[in-house]
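In this text, all values refer to a predicted model and were calculated from it rather than measured experimentally. Within every chain, numbering begins at 1; the chains are lettered A, B, ... in the order of the sequence lines, protein sequences first and strands thereafter.
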Amino acid sequence: MKRTGFLYDERYQYHDTGSYHPETSDRLPAIYRGIKEGGLLEKVTLLKAKHANIKWIETIHSNQYIRRFEEVCLCGNSCFGSSDNQMCTETFETAFLAVGGILDAARRVMEGELDNVFCAVRPPGHHAEHEEAMGFCYFNNVAICARYLQIEFGIKRVGIIDFDVHHGNATQHSFESDPTVFYYSIHEHPSFSFPGTGREFDQGIGEGLGFTKNSPALPGHGDREYKQLIHRDLIPAFEQFKPEMILVSTGFDGHEDDDMSGIRLSTEWYTWMMETIMDMAEKYCKGRLISILEGGYCIERLPELARNHIKVLLGEK
Amino acid sequence: MFVSKSMTKKLITVTGETDILEVGKIMRDNKIRHIPVVDDANILLGMVTDRDIRSAMPSVASENFDSKEERDKLSRLKVKEIMTTDLVTVSPMYTLQDVLLLFEKYHYGAFPVTNDKGVLEGIISIRDLLRAFGSVMGIGNPGALLGIVADDKVGQMKKIVDIITAENISMGSILVARHWEEGKRAVFPYLLTHNVVRVKKKLQEAGYEILDPMKWHLDQLPKK
């Protein structure tokens, strides 16, 4: 059995998105409940939130942006930029706790204390650009984690797999010129779905050409098409890239019962996807893997999806 | 939606006295295929394209290709001798729709834009037009596409827009397929939001059918 960490902290619920918003704090207790009811809490190492050092956030976001976020938040504004980004006075601190918790998890994996971790954090991150909050996201958790691993632990090749149903525009933008971070995303086609980026022909820029890969899927597509795309695009790309560490942007919003997209994935597909990623982590990264929560809004489905996710991380069949 | 907003204004021009080898080099260096030819007062005299240049070159199949004689002849050849003078020009106040129809009619790659005195103000190419329509459609702004079936009668669009506006959602664009099924049309608003769940519910509660976008896609494919 693997040594799996589970980052969970009630303080991640303090980011309040108002009376109606899909990215609600109820998502986290639903995830916790699923893991608890599966009898898995005893098998994982529970990790708590930590406040991040701002220097790591500055590897992806400008200091000016961070200060603006702080000001807008502490002044009591209900949103930051677009009205998608609903917030409360705790949002800024919660976003720091999300990054800090993830970096602490990454350190534990690098120091050999844990094999892998599932970080059930809020707010999510993959839409947050260098200078702009977007799509419920404020700090790009996964991108910051990739830079932290490179700078603090000298990891040369980081592979990011993003299976949230929406394209991680900001993660792509962070690394599209960088051949040391491979960004792979599978998502609903950008002509139909937010944020309207992530075309098949986006493959990186300059030195980073060939180190970005997108697999857009059409609305109505599900397990069969997603599996074909993973076999065609992801597996050969990572075979060539050979990441030393795999980070996963985990979004459960492509599930058929989730209203946020037209993609129709089953619960079983998510298990298959994580097993496939775990195989790659074993093959290339000594099993090291960090999974970071992005979207997933169907409260009724989150418990089983999170439970299965942890089971795969633990190596349970 | 006017040409003046979408045309290229930073222009590379030549005079009629420029030799064609020089023009060919300018085209290659700047990756352009159309160059307006102007006089000292920037009055448009003609257009020269990469195709005009190629046509003026000796055929590789000819015997004296690349002979000294041919090279001398080419170096003496001036733009004014090969340029097109029978021009279709457009006004800066033409609309993008005008230009789209002109592109369809003439099969040219670009039109020079002149004012009523014949002074060159810009050039509008198919690329400029594509960029302008992309911008009008909201492509490039983060958003999501909805498909809504509505009765083909007056007032439906207002109701739909009201529901979207009440959710505090901005629209990047709105496209309409007029002929859907008997008495129906399909409306495709591009919403500048990540949060489409509640607006979908509100539209359904108001009696609208939310369309599977793929159904629309497949229905548009040519029938066998």
Side-chain angles (χ1 to χ4, degrees), chain A residues 17-24 78-79 81-86 123-124 126-129 132-137 164-170 173 187-199 217-222 225 251 253 258-264 294-295 297-299, chain B residues 127 130-131 133-149 161 163-177 186-205 208-221:
Chain A
T17 50
S19 58
Y20 175 79
H21 197 285
E23 205 288 281
T24 154
S78 63
C79 67
S82 158
S83 60
D84 277 353
N85 311 317
Q86 293 290 315
H126 70 157
H127 298 308
E129 295 278 7
E132 188 182 6
M134 193 193 283
F136 321 159
C137 301
D164 186 280
V165 82
H166 306 98
H167 177 242
N169 52 292
H173 290 150
H187 47 263
E188 187 173 31
H189 194 289
S191 288
F192 303 95
S193 185
F194 187 90
T197 54
R199 310 269 164 185
L218 293 169
H221 282 180
E225 293 84 1
D253 40 4
D258 197 307
D259 294 336
M260 284 292 275
S261 83
I263 296 296
R264 294 170 186 161
E294 302 283 0
Y297 308 99
C298 179
I299 300 293
Chain B
R127 290 176 71 92
L130 285 175
R131 198 180 306 118
F133 274 104
S135 161
V136 166
M137 288 173 73
I139 298 172
N141 293 311
L145 188 75
L146 278 196
I148 304 159
V149 179
V161 171
I163 291 169
I164 293 169
T165 313
E167 293 296 308
N168 202 19
I169 294 172
S170 304
M171 274 184 287
S173 66
I174 188 158
L175 302 175
V176 180
V187 180
F188 297 90
Y190 185 67
L191 305 181
L192 301 181
T193 182
H194 189 359
N195 190 355
V196 290
V197 177
R198 193 162 76 165
V199 72
K200 276 190 191 169
K201 283 206 180 85
K202 295 272 176 181
L203 286 161
Q204 281 165 329
E205 282 165 15
Y208 292 105
E209 181 193 341
I210 299 292
L211 201 61
D212 177 350
M214 281 310 288
K215 184 168 179 287
W216 175 71
H217 232 58
L218 295 173
D219 286 351
Q220 296 301 309
L221 293 175

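- Using a 4.5 Å cut-off between heavy atoms, A:His167 makes no contact with chain B at all.
- Atom CG of residue A:Asp84 and atom CG of residue B:Asn168 lie 10.0 Å apart, to the nearest 0.5 angstrom.
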Could you walk me through whether A:Tyr20 and B:Val197 pass the side chain to side chain contact (heavy atoms under 4.5 Å, CB included) check?
-> CA-CA 10 Å; A:Tyr20 175 79; B:Val197 177; 3.6 Å; yes
Begin with the C-alpha distance, continue with both residues' side-chain angles, and end with the deciding distance and a verdict on side chain to side chain contact (heavy atoms under 4.5 Å, CB included) for B:Asn195 and A:Phe136.
-> CA-CA 9 Å; B:Asn195 190 355; A:Phe136 321 159; 4.0 Å; yes
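- Distance check, rounded to the nearest 0.5 Å: CZ of A:Phe194 to CG of B:Leu192 gives 9.5 Å.
- Contact of the B:Pro142 side chain with the A:Met134 side chain is registered, since non-hydrogen atoms from C-beta on lie closer than 4.5 Å.
- A:Asp259 is listed as a side-chain neighbour of B:Lys201, based on a closest heavy-atom distance under 4.5 Å.
- B:Thr193 places none of its side-chain heavy atoms less than 4.5 Å from the side chain of A:Ser82.
- Within 6.0 Å of CZ in B:Arg198 there are more than 12 heavy atoms belonging to other residues, nucleotides or ligands.
- Atoms CG and NE2, on B:Leu145 and A:His189 in that order, are 11.5 Å from each other to the nearest 0.5 Å.
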Could you walk me through whether B:His194 and A:Met260 pass the side chain to side chain contact (heavy atoms under 4.5 Å, CB included) check?
-> CA-CA 8 Å; B:His194 189 359; A:Met260 284 292 275; 3.6 Å; yes
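- There is no contact between A:Thr197 and chain B, counting heavy-atom distances below 4.5 Å.
- Contact annotation for A:His166: only side-chain heavy atoms (C-beta onward) come within less than 4.5 Å of a heavy atom of chain B.
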